[in-house]
Amino acid sequence: MDITLEDPTGLRMHFPVNPSEVNIRRDKSFETITIIHGGELDVPQGVKVKEISFSSFFPAVYDASYCKYQPLPNPQTAMNQLNTWMEQREPLRLIMTETDVNVLVMLSAHNSSFKGGEPGDVYFDVTFRTWRDYKVRTLAERSGTSGGEARPDIKPVSATYTVKSGDSLWAIAKMNLGSGSRWREIYDINRALIGDNPDAIQIDQELVMP
């Protein structure tokens, strides 16, 4: 498995040591309301963004038994880059080969530590939150005319997904909708663009998501 992180400028970080495990957290959000004489009631509100986290380290010296490649990045420089990315507002693309993880994320937290007897090595924990595109409309874009009065546009803006290399409808549905079995929903909406073969999606096609 290879784990890479890439920013919109094309700058890429290839993590040199694979973590022992990767955790993906999925939660459903609820609004709790209180009913008089009836106690509390949870009302489901939707699925929260997913969190992806793992722990590893940047070694100062190459060791073929666990390092993925050489030459290795300077551990402190690599940690500084993670810190820079965490402070930015642009999403990053996180790819884990041999898995279905190929998704835009925001680096939400990272911690570093040093261990005695391992000079130069930097250990770290990172947490990513999957990123959802959104569009902010200007007042002019939202305005309509009817009898000379502006009317708000209450039509929801559809989310979209741009097809990347190695994508499939099943993988896109699993990462973005929570279940690969929902690939048919994506296909039905985008059939005019994809064509009769649901396996014939093309790189850079912009798919409308359910």
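Small disclaimer: the values here were computed from a predicted structure and weren't measured. What's counted below: heavy atoms across the whole structure, side chains too, no hydrogens, waters or symmetry copies.
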Can you tell me which residue among Leu177, Thr160, Ile189 is in a side-chain contact (heavy atoms from CB on, under 4.5 Å) with Met209? Leu177

Which one of Lys50, Arg25, Glu51 satisfies the side-chain contact (heavy atoms from CB on, under 4.5 Å) criterion with Arg129?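 Of the listed options, the one satisfying the test is Glu51.
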
Restricting to pairs with a member in residues 2-15, which pass salt bridge (Lys or Arg N to Asp or Glu O under 4.0 Å), not counting sequence neighbours?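 Counting only pairs at least two positions apart or across chains, the salt bridge (Lys or Arg N to Asp or Glu O under 4.0 Å) contacts touching residues 2-15 are Asp2-Lys68, Glu6-Arg12.
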
Which residue pairs pass the salt bridge (Lys or Arg N to Asp or Glu O under 4.0 Å) test with at least one member in residues 70-94, sequence neighbours excluded?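 Listed once each, the pairs would be none.
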
Qualifying residues under ring-ring contact (aromatic ring centres under 6.0 Å, His included), relative to [X], sequence neighbours excluded:
X	result
Tyr62	none
His110	none
Phe54	Phe15

List in chain and number order the residues that pass side chain to side chain donor-acceptor pair (under 3.5 Å) with Thr77, two or more places apart in sequence or in another chain; answer none if no residue qualifies. Asn74

With ILVMFWY side chains joined below 4.5 Å, transitively, what does Tyr69's cluster contain besides itself? none

For Glu185, all residues meeting salt bridge (charged side-chain N to carboxylate O under 4.0 Å, His left out), sequence neighbours excluded: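 Here the qualifying residues are Arg182.
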
Sequence neighbours left out, what passes salt bridge (charged side-chain N to carboxylate O under 4.0 Å, His left out) with Lys164? Give chain and number order. none

Hydrophobic clusters here meaning ILVMFWY residues chained together by side-chain heavy-atom distances under 4.5 Å, can you tell me if Met175 and Leu207 are in one? no

Taking only residues at least two apart or on different chains, which pairs with a member in residues 114-125 satisfy side chain to side chain donor-acceptor pair (under 3.5 Å)?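 Matches after skipping sequence neighbours: Ser55-Asp125, Glu118-Tyr123.
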
Sequence neighbours left out, what pairs pass side chain to side chain donor-acceptor pair (under 3.5 Å) with at least one residue falling in residues 197-210? none

Given ring-ring contact (aromatic ring centres under 6.0 Å, His included), test Phe124 with Phe57 step by step and report yes or no. CA-CA 6 Å; Phe124 65 87; Phe57 72 103; 8.3 Å; no

Tyr161 versus Asn102, closest heavy-atom pair with distance: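 Reported closest heavy-atom pair: OH-O, 3.9 Å.
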
Donor-acceptor side-chain pairing of Tyr66 and Asn18 below 3.5 angstrom: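 Their side chains do not contain a donor-acceptor pair, so the 3.5 Å distance test is not met.
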
Provide the full list of ring pair (Phe, Tyr, Trp, His ring centres under 6.0 Å) pairs with a residue in residues 170-210, sequence neighbours left out, each pair given once.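 Applying ring pair (Phe, Tyr, Trp, His ring centres under 6.0 Å) to every pair that reaches into residues 170-210, excluding sequence neighbours, yields nothing.
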
Let me confirm one number: the OG1-CD1 distance from Thr127 to Ile52, rounded to the nearest 0.5 Å. 10.5 Å

